[in-house]
Structures are given as C-alpha cells and as structure tokens.
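Given the structure is predicted, the values throughout are model-derived calculations rather than measurements. In what follows, chains carry the letters A, B, and so on, assigned in the order in which the sequence lines appear, proteins first and then strands, with residues in each chain numbered from 1. Because only heavy atoms are used, hydrogens play no part in the values below, and waters and symmetry mates are left out as well, while side chains stay in.
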Protein chains: 2
Amino acid sequence: MAASASPPPDDEQPRLGLRERKKLKTRVAIREATYRLIAEQGYEATTVEQIAAAAEVSPSTVFRYFPTKEDIVLTDEFDPVMEAEIRARPADEPPLESVRAVLRHAVETILVDDPEEFAQRSKLMLEIPAVRARMTETMAETSLMLSRAVASRTGRQESDLEVLVFTASVLAALREVTIYWAGHGQKDDLAVLIDRALDSLKGGLAL
Amino acid sequence: MAASASPPPDDEQPRLGLRERKKLKTRVAIREATYRLIAEQGYEATTVEQIAAAAEVSPSTVFRYFPTKEDIVLTDEFDPVMEAEIRARPADEPPLESVRAVLRHAVETILVDDPEEFAQRSKLMLEIPAVRARMTETMAETSLMLSRAVASRTGRQESDLEVLVFTASVLAALREVTIYWAGHGQKDDLAVLIDRALDSLKGGLAL
DNA sequence: CCCCTTTTGAGAGTTACTGTCATTTGACAT
DNA sequence: ATGTCAAATGACAGTAACTCTCAAAAGGGG
C-alpha cells in the first residue's frame, strides 16, 4: 500500500528513550516540512536543502532519515501489519477475498488516520513521474511480502509464477485505483473502487 | 513491451537522407557503447561521460538522443506497431486473447531480432532498481496506448476503471514474466510463460 | 560528573541532467 | 562549385540529488 502517518497503534507504551523520541520527531518534522513546501511550491521546485532548512536539520540528516527525496513523501509502515492480517484470514478463503478484506480495512484506517496526507500523496503519485516510479519500486517490496503471505496460505512457492502474477496484478490494480481516485477529484468512495477493480480481476478481465 | 533494435521493417526504402542515416548511426553507436561498457564494468560504474567518449560524441549529444541514462538501455519502438496489431485483431475476440496473440508475436520477433540485447536488458531490469523503475515508467506509456486500443475495441472509455485495471494487470503480469525469465537463467520458453501468466489472469487469479 | 556510543553538521566530491551559445555540417537552390 | 539556411553538435557553466569523511555535540549508564 502506501500509507504512513502514525505507525500501527503503539505497541510500546513502555516509554521510548529520549533519543528515540527525538528521532521520531525529526522524522515527522522533515516530512511535514516537505509536504508544506511541496504544497506551496511544487515538488521539483522544492530542494532538499530547503526541506532541511525548514525542518531545522542539516541536509546530511535528511539523507540519513530518507534515502531519496521521493521516499520522504512515500515512506510507508503498513506492510508488516498487512502481512499479519492476511495470514490471519481463514485458510479456506480465496486469496483474492483475503486481499479484499485487508485492503478495505487498510483504506478505512488510512482515511480516518490522516486523510490529507493520503490525498496529497495520491496527487503527487498522479502528477510527478518520479514519485510514481518510486512508489512502484516500493510496491515491489510490498509485492514480496504479499507473495510470501499468499504462497504460505496456498502451499505454493513464493517464486511460483502464478503467485507472482497474482500479487503483481493486485498491486497494479490498486495503483490504478489510487491514481483514478486522485484523477477524479478524490470524490469517489475508495472502497467501492477497490471492489470494482478486484471484481474485474476476479472475472478474468473479461471486457 | 521493451524491445528496440531495428525499428519495424523499414517502410521507407526510399533512401533516408545522409542526415537521417547519420543520426541513426549515432543512436546505435551510443547504445552499443553503453551495452559494452555496462557488460564490462556494471551499470552504475558506467558514467555518461564514458559512454560519450566510447561512442565518440559529446555528453551533450548523448542527452539529446536519450533523456536519461536508463533510456539508453530501455528505449523501445514497438508500441505503435503493437497498437496497430491489436486494432487489427478480429472485433469479437476477447481483449485478453488479442493481447495474447500480439504479445506472442512480439516476443517471437524480438527473440529473432536481437536476442542478446533483449537478454541483457532483462538482466538489467532484474538487477538494477533504477532501470526497473524507468522500465515501469515506460510501461505507463505503453499502458496508455493499450488502454486506447482496448477501449476503442470494446466501446468503453479509455479512462474506464475496468479498462485501466485490465491494461495495468496485463502489463504487470508481463513484467513479472520477464523478470521471472531473467531470474531463471533465461532458460524457459517465453511464449509458454506468457501463456501461463495470461491464463492465470483469465482464470480470475484463483489460486 | 565522566566515559562511551550514537547522532549530527560541515564540507568536499561525484554524477546525472539542463540551458546557452558559437561552430560545424548536411540540404538545397542557384 | 558556391552561397544560404536550418539542423546538429560541442564546449561550457550551472543545478541538485546524493555519498563520504571527520570532527563536534548530545543522550545514557555508571
């Protein structure tokens, strides 16, 4: 997927050390500065130097936290959660339906959690090729985890061509949905669009 | 897709002017130099400056011919041909089958045409994230053309979500096939793999 | 309060890519 | 051939995303 905001409900109440808390703050500061600057000036016009200045850290630090500029916008902590959720679905459920349930839940969470950030990210995905490309790269990792989960539930290898095609198609469809949604003023109901897309896959892409 | 080499069988015997012939030569020289250097030193270690030197042109010229370094490796002139071929398929054929026929033909052509280049490109797609990313970008354009063709043949809008999901899934599957093939020593029969992938889509991704 | 480890910032360097301008070179008419 | 014009090239300067290295600063534990 592509969400971020609050990482899954804090497992560790047990107090992060000051160090860790500061790191988290820096991370957030960088991201917020980035989103703000991009909203004001556009993506390409915003340099990492400006981001660093706005977040009050050095450029070095920005790169320590995010490997690329695109990652500042995209980073995503949902994969592990989704993996667990998929594994938790009933074993006899068709994989496509498991994915549907999990995605629906994920989307719901994101929209409650931080709708604006999600909206802005979707728009960037629509408009900035570099971001879309990086997003797709990120999806490659998601794809791996999804393949693992699907493989283990169906008793196939995760390198099985059919498994790979499954995950690649599902994620590609999800990406199209997101872009479609962003391209239509973000007015549609995401859950409905996801259902349509998955139904289309389920029906064998008959047009 | 992702092929290049000789552009579709020269429609114009009627003599390219010296100018055009020279341009073509330069294009080829740059690409050959690039492939050679990459084979020798790896992708990242090969700079555009080196490529320019090896092709005996200036760096400026390299960038005039190819917008990015990745494009030198990826550029692809097959889209228009494939678009025409799809439109030429019988109108009552299911789109997935039209795609199957055209892809099969395209793969055949490529493998006859310039198997080595195709092999090396696949390997780069597998190994170099930047190339894979750029490849995916390229696929976005292919996706557009495929959507146009499919839309016009099914009487849908090309912005129709189902059409978008169709093309995105097909191309994602094709990408997986290519990577799978490259990752397995390029020993399998590509046509067979494509069939398996498309069958999987046709069957509604039931696992 | 001191020591040790982690984090940070400063600075220098690389490389892909952009834009500009003067020079060259093919095309074409005379 | 020769002159003229447009297209292609090369030289150059500049930007911005990264990378590396090293010394200064700051948290944590005794």
Residue pairs involving residues 176-187 of chain B (criterion side chain to side chain donor-acceptor pair (under 3.5 Å); sequence neighbours excluded): none
Go through the N and O atoms of the side chain of A:Arg21 and the base of D:dG27, and report whether any donor-acceptor pair is under 3.5 Å. no
Could you pull out the closest heavy-atom pair between B:Ser169 and A:Leu205, with the gap in Å? CB-CD1, 4.0 Å
Please produce a list of atom pairs where a protein N or O lies less than 3.5 Å from an N or O of nucleotides 23-27 of chain C.
unit_1, atom_1, unit_2, atom_2, d
C:dG26, OP1, B:Lys22, NZ, 3.1
C:dG26, O3', B:Arg19, N, 3.3
C:dA27, OP1, B:Leu18, N, 2.9
C:dA27, OP1, B:Arg19, N, 3.0

Between CZ on residue B:Arg175 and OG on residue B:Ser122, distance to nearest 0.5 Å: 13.0 Å
Here the gap from B:Met145 atom CE to B:Arg87 atom CZ, rounded to the nearest 0.5 Å, amounts to 9.5 Å
Each nucleotide N or O in nucleotides 2-5 of chain D that has a protein N or O under 3.5 Å away: list the pair and distance.
none

Quick one: is A:Tyr65 getting a side-chain N or O under 4.0 Å of the C:dT8 phosphate, OP1 or OP2? yes
Find the distance between CG (A:Leu171) and CD (A:Glu141) and round it off to the nearest 0.5 Å. 12.0 Å
For A:Asp71, all residues meeting side chain to side chain donor-acceptor pair (under 3.5 Å), sequence neighbours excluded: A:Thr68, A:Arg134
Let me know the distance between CZ of B:Arg27 and C1' of D:dA8, rounded to the nearest Å. 15 Å
Looking only at the side chains, is there a donor atom on one of B:Glu70 and B:Tyr43 sitting less than 3.5 Å from an acceptor on the other? yes
Does this structure show an ion pair linking A:Arg104 with A:Glu108, if we count only N-O contacts that are shorter than 4.0 Å? no
No-hydrogen, no-angle side-chain donor-acceptor test under 3.5 Å, B:Thr46 and B:Gln41: yes
Which atom pairs link the protein and nucleotides 28-30 of chain C when you take only N or O atoms and keep those under 3.5 Å?
none

Take nucleotides 11-17 of chain C nucleotide by nucleotide from the 5' end and write B, S or -, depending on whether a protein heavy atom sits under 4.0 Å from the base, only from the sugar-phosphate, or from neither. B---SSB
Cationic N near anionic O, under 4.0 Å, B:Arg100 to B:Asp199: yes
Quick one: do A:Glu97 and A:Lys202 make a salt bridge, cutoff under 4.0 Å? yes
Could you grab the distance from atom CD1 of B:Ile51 to atom OG1 of B:Thr34, nearest 0.5 Å is fine? 3.5 Å
If I take atom NZ in residue A:Lys23 and atom P in nucleotide D:dG27, what distance separates them, rounded to the nearest angstrom? 14 Å
Let me know the distance between CG of A:Leu24 and P of D:dG27, rounded to the nearest Å. 16 Å
Hey, are B:Thr136 and A:Thr136 close enough side-chain-wise for a donor-acceptor pair under 3.5 Å? no
note: B:Phe66, atom CZ; D:dA8, atom C1'; distance rounded to Å ~ 16 Å
